[in-house]
Amino acid sequence: MGKISQSSMNKNTYEAIRIAFILFFAFFISYFLPRTGLSNPGTIVPQTVLFSFLLGFFINRSIQRKQSLSQGISIELASLRHVHHVSE
């Protein structure tokens with residue numbers, strides 16, 4: 001007991017890399033957005049951090065949703081193939 005399979009470790013590593021990648025690009029994109037309140041440049045950092053986390057969250061949710069839909073479709077396709085094979 002307590003052994004972690006190689007595939008689950010690879011999946012966790014992939015998830016961590018993906019989230020880091022999303023956050024990096026969120027910071028990168030938010031850096032080039034028009035800034036508001038230039039008289040007080042200290043206020044842009046919290047806005048940028050908030051924007052990047054929200055963007056990362058929404059991108060991550062859409063990727064997870066796509067993966068779950070793809071998995072559901074593949075399960076249904078396998079069952080339809082089985083029904084088709086049985087009907088022949």
Side-chain angles (χ1 to χ4, degrees):
M1 276 201 191
K3 291 183 91 176
I4 299 174
S5 68
Q6 186 68 23
S7 63
S8 67
M9 285 178 49
N10 288 341
K11 184 178 180 182
N12 291 338
T13 303
Y14 173 73
E15 291 291 325
I17 290 171
R18 186 177 70 166
I19 290 172
F21 188 70
I22 289 169
L23 287 177
F24 170 76
F25 275 108
F27 274 106
F28 184 75
I29 291 170
S30 67
Y31 180 76
F32 292 109
L33 290 176
R35 293 187 168 98
T36 58
L38 290 177
S39 61
N40 189 1
T43 61
I44 194 65
V45 174
Q47 293 172 357
T48 304
V49 171
L50 178 63
F51 172 77
S52 64
F53 279 120
L54 287 175
L55 184 65
F57 173 74
F58 288 128
I59 290 172
N60 190 29
R61 285 295 303 148
S62 67
I63 291 171
Q64 287 176 349
R65 181 71 177 146
K66 180 182 177 276
Q67 288 175 347
S68 69
L69 284 173
S70 177
Q71 184 180 20
I73 289 170
S74 65
I75 290 170
E76 286 296 321
L77 183 60
S79 66
L80 286 174
R81 285 180 183 153
H82 179 69
V83 168
H84 178 70
H85 177 70
V86 169
S87 68
E88 288 182 338

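Applying the side chain to side chain contact (heavy atoms under 4.5 Å, CB included) test to Phe53 and every residue at least two apart in sequence or in another chain returns Leu23, Val49. In this structure Phe58 satisfies the ring-ring contact (aromatic ring centres under 6.0 Å, His included) test with no other residue, sequence neighbours excluded.
The side-chain hydrogen bond (donor to acceptor under 3.5 Å, both in side chains) pairs that include a residue from residues 54-66 are Arg18-Asn60, Arg61-Gln64, where partners are two or more places apart or lie in different chains. Applying the side-chain hydrogen bond (donor to acceptor under 3.5 Å, both in side chains) test to pairs two or more places apart or on separate chains, those with a residue in residues 67-86 are His84-Glu88.
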